Amino acid sequence: MDLSLIIMQLLSGIALGAVLVITALGLTIVFGMLGVVNFAHGALFMIGAYAGLYLASLTGSFWWGLLLAPILIGAFGMLIEFVLIRRLYGRSIDDPLLLTFGLSYVLVEGVRIVFGSDGIPFPTPPQLIGVLDLGIGFFPRYRLFVIALVAVVLLALWLTLEKTRVGLIVRAGARDPTIMQVLGVDIGRVWLAIFGLGVGLAALGGVLAGPMRSVNPEMGSLVLAEAFVVTVIGGLGSIVGAVVAGLMVGISISLVALFAPEMATIVMFALMAVVLLIRPQGLFGVRGRTA
């Protein structure tokens, strides 16, 4: 088999993995810092795709949809945290899980009522249509853009969490909220911001995925499964784990699809099984921490 074809397929896997990374990262941040398993994450991914498509149509620019949709859906996520999730802190982990599970059905059915059940094409921005000659083959410009944008977002997120006072407060609040309250930090605002960030990342993933697949009410279901697989492989609550596992899953799916297309759907579950057999807490998880 031609080496250039394998390399192109590898790049396709990285592009797929980039969307999985940014989506699973939102799930990981919320669980790692709030201890909340957000089963509505896939539905919010889907709503982000619809919001990006609507805003792009309204403004005539994909770029406005890409910028505004994560902000607006992130604000919607903050409303969910303030009205619903906040009441369940300190209770069993099953309570927010069941609440968000029910919320996901409400969101999906609401979108189906408004937009219908049929898929809607999400046009690729004109500036990113076509392919780029990489010397060893041609690769879609849009997918290269997705890889680059996700890399920039990851760098910005790391710098914010590790190098700023805001990031210090967020990390400290996740580890010991009582001490932060004693020091005068409004921990409720910290939790609100974290949940909004996680939802905003899901929405960003939805907008980025839109031009690579049709936008439909069910698109979040598979993404939720993929995001959970990535989160489990990387280790619950581990940001580094989400990045590494997302790329692993994306590349595995893409390469297996090249050699054995019928196995592409299940390879991520096989990969998760192997990782859990060898390292039950995930690649970068902390031993003893479970969902």
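Values in this document were obtained by computation on a predicted structure and should not be read as measured data.
In this structure a side-chain-to-backbone donor-acceptor pair under 3.5 Å is present from S104 to F101.
By the ring pair (Phe, Tyr, Trp, His ring centres under 6.0 Å) test, F82 pairs with no residue at all, sequence neighbours left out. For R87, there are no side chain to side chain donor-acceptor pair (under 3.5 Å) partners two or more places apart in sequence or in a different chain. For S4, the side chain to side chain donor-acceptor pair (under 3.5 Å) partners at least two apart in sequence or on another chain are D2. Remark: Y54 pairs with no residue by the ring pair (Phe, Tyr, Trp, His ring centres under 6.0 Å) rule, at least two apart or across chains.
Pairs engaging residues 125-154 under the salt bridge (Lys or Arg N to Asp or Glu O under 4.0 Å) rule: none recorded [sequence neighbours left out]. Screening residues 62-83 for salt bridge (Lys or Arg N to Asp or Glu O under 4.0 Å), with sequence neighbours left out, gives E81-R86.
The hydrophobic cluster containing V274 also includes I278, under a criterion of side-chain heavy atoms closer than 4.5 Å among ILVMFWY residues, counted directly or through chains of members. Under the 4.5 angstrom side-chain criterion for Ile, Leu, Val, Met, Phe, Trp and Tyr, the cluster partners of W158 are L155, L159. When hydrophobic residues (I, L, V, M, F, W, Y) are linked wherever their side-chain heavy atoms come within less than 4.5 Å, I129 remains an isolated member.
Here CG of L88 is found 11.0 Å from CG of L97. Values are rounded to the nearest 0.5 Å. Atom CG of L103 and atom CG of L98 lie 12.5 Å apart (nearest 0.5 Å). To the nearest 0.5 Å, the span separating CD1 on I239 from CG on L157 amounts to 6.0 Å. Expressed to the nearest 0.5 Å, how far CZ of F284 lies from CZ of R279 amounts to 8.5 Å.
Between F45 and G220, the closest heavy-atom pair is CD2-CA, 4.4 Å.
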Under 3.5 Å, which donor-acceptor pairs do the side chains of residues 17-43 form with other protein atoms, sequence neighbours left out?
residue, atom, partner, partner atom, Å
T23, OG1, V19, O, 2.8
T28, OG1, A24, O, 3.0
N38, OD1, A40, N, 3.0
H41, NE2, T23, O, 2.7
H41, NE2, L27, N, 3.4

Return a table of donor-acceptor pairs under 3.5 angstrom between the side chains of residues 249-268 and protein atoms on other chains or two or more places apart.
residue, atom, partner, partner atom, Å
S252, OG, M248, O, 2.7
S254, OG, Q9, O, 2.6
S254, OG, Q9, NE2, 3.4
S254, OG, G13, N, 3.4

Donor-acceptor list for residues 195-216 side chains, cut-off 3.5 Å, not counting sequence neighbours:
residue, atom, partner, partner atom, Å
N216, OD1, E218, N, 3.0
N216, OD1, M219, N, 3.0
N216, ND2, S214, O, 3.4

Practice problem: Show the numbers, then the answer: is there a side chain to side chain contact (heavy atoms under 4.5 Å, CB included) between L67 and W63? | Solution: CA-CA 6 Å; L67 175 65; W63 307 107; over 6 Å; no
